[in-house]
Amino acid sequence: EALIGALLKQGFKVVDLPKPIPHDEDAAEAAKAISRNNAELLIAGMGRAQNMGYGNKEFGGMASYRASVSFRVIETGTGEVLSTVSETASGLEATPEIASQKALRQAAELAAKDLATLPEDLTKRAHVIITITGLKSFQMLSKFEKGLASQRGVNLGMTAKSRRRNERS
């Protein structure tokens, strides 16, 4: 839950899978079978908090926990691992429950911050060349380009207009 909240704060859309991935199945293999209509990325990993001492005089009678969150970001449909993230954080509180939750929340927030540039990084890595034939007019091509350009994450780069200008010179 801590990671989901941290990802939402970073602006990510989070969805639950239609069915959980069994623990004995490789997440990258499972991601290949997930439709991009359900999710574009799969985050697979774990988070845990470990008691560093409860009631010790060193901690003034407080509970101290160290949490780690580590996961892989996997592209659905391909199973390609796009990124790995691992963060640790500590929590010192009056009770073990609160200290462990605090440590996990802080580790999750650090991990989510590590993913802040992921959408931009992903848009930079994909380059697609589209060849269009059979259009009856330049207006149809222009309409197609405008529609394509309006899609999130699409950068047309060198459009047909600029290619034609370059071809003429």
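For reference, positions follow the sequence shown, starting with 1. All of these numbers come straight from a predicted model, not from anything done at the bench. FYI, side chains are in, hydrogens and waters are out, and symmetry mates aren't considered; it's all heavy atoms of this structure.
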**Q.** Reported CD-to-CZ distance for the pair Gln101 and Arg105, which is rounded to 0.5 angstrom
**A.** 8.5 Å
Q.
Grouping I, L, V, M, F, W and Y whenever their side-chain heavy atoms are under 4.5 Å apart, do Ile34 and Ile74 come out in a common cluster?
A. yes
Q | Test item: Leu82 and Asp121 side chains (from C-beta on) under 4.5 Å apart, heavy atoms | A | no
Q | Transitive ILVMFWY side-chain link Leu3 to Leu41, under 4.5 Å | A | yes
Q. How about Glu145 and Ser142: does a side-chain donor come under 3.5 Å of a side-chain acceptor?
A. no
Q: Output, in order, the C-alpha distance, side-chain angles, deciding distance and verdict of side-chain contact (heavy atoms from CB on, under 4.5 Å) for Ser68 and Glu87.
A: CA-CA 6 Å; Ser68 65; Glu87 290 290 349; over 6 Å; no
Q. If you round to the nearest 0.5 Å, how far is CG of Leu135 from CZ of Phe144?
A. 8.0 Å
Q: Would you tell me whether Arg72 and Thr84 have side-chain atoms, one donor and one acceptor, within less than 3.5 Å of each other?
A: no
Q. Do Ser100 side-chain atoms and Pro96 backbone N/O form a donor-acceptor pair below 3.5 Å?
A. yes
Q. What is the minimum heavy-atom distance between Arg66 and Ser90, and which atoms define it?
A. NH1-OG, 2.6 Å
Q.
Any non-hydrogen side-chain atom of Val15 less than 4.5 Å from a side-chain atom of Lys13?
A. yes
Q: Please check if Val69 and Phe12 belong to a single hydrophobic cluster, counting links between Ile, Leu, Val, Met, Phe, Trp and Tyr side chain heavy atoms closer than 4.5 Å.
A: yes
Q: Please determine if Arg36 and Glu75 form a salt bridge, counting it only when a charged side-chain N lies under 4.0 Å from a carboxylate O.
A: yes
Q: Would you check if Leu17 and Leu42 make a side-chain contact, meaning some heavy-atom pair closer than 4.5 Å?
A: yes
Q: Give, for atom OG1 of Thr95 and atom CE of Met62, the distance between the pair rounded to the nearest 0.5 Å.
A: 9.0 Å
Q) How far apart are the closest heavy atoms of Ile43 and Phe71, and which atoms are they? A) CG2-CD1, 3.4 Å
Q. Which atoms form the tightest heavy-atom contact between Ala67 and Leu104, and what is the distance?
A. CB-N, 3.5 Å
Q: Please name the pair of heavy atoms, one in Ala6 and one in Ala108, separated by the smallest distance, quoted to 0.1 Å.
A: CB-O, 3.6 Å
Q.
Are Leu118 and Val14 connected into the same hydrophobic cluster when the rule is that any two of I, L, V, M, F, W, Y join if their side-chain heavy atoms are below 4.5 Å apart?
A. yes
Q) For the atom pair NE2 (His23) and CD1 (Ile21), what is the distance rounded to the nearest 0.5 Å? A) 10.5 Å
Q: Please report the shortest heavy-atom distance between Ala27 and Ala44, naming the atom on each side.
A: CB-CB, 3.4 Å
Q: Please report the closest heavy-atom contact between Gln106 and Ala89, naming both atoms and the distance.
A: CB-CB, 3.7 Å
**Q.** 4.5 Å side-chain heavy-atom contact, Gln10 and Leu115
**A.** no
**Q.** Atom pair CD1/NZ of Ile4 and Lys9 - distance to nearest 0.5 Å
**A.** 13.5 Å
(Q) For the CD atom on Glu25, are there more than 12 heavy atoms of other groups (residues, nucleotides or ligands in this structure) within a distance under 6.0 Å? (A) yes
Q: To the nearest 0.5 angstrom, please state how far the CD atom of Glu93 sits from the OH atom of Tyr65.
A: 12.5 Å
**Q.** Backbone of Ala39 reached by a side-chain donor or acceptor of Thr76 within 3.5 Å
**A.** yes
Q. Do Val81 and Val73 have side-chain heavy atoms sitting under 4.5 Å apart?
A. no
Q) With the 4.5 Å side-chain cut-off for hydrophobic clustering, are Leu148 and Met140 part of the same group? A) yes
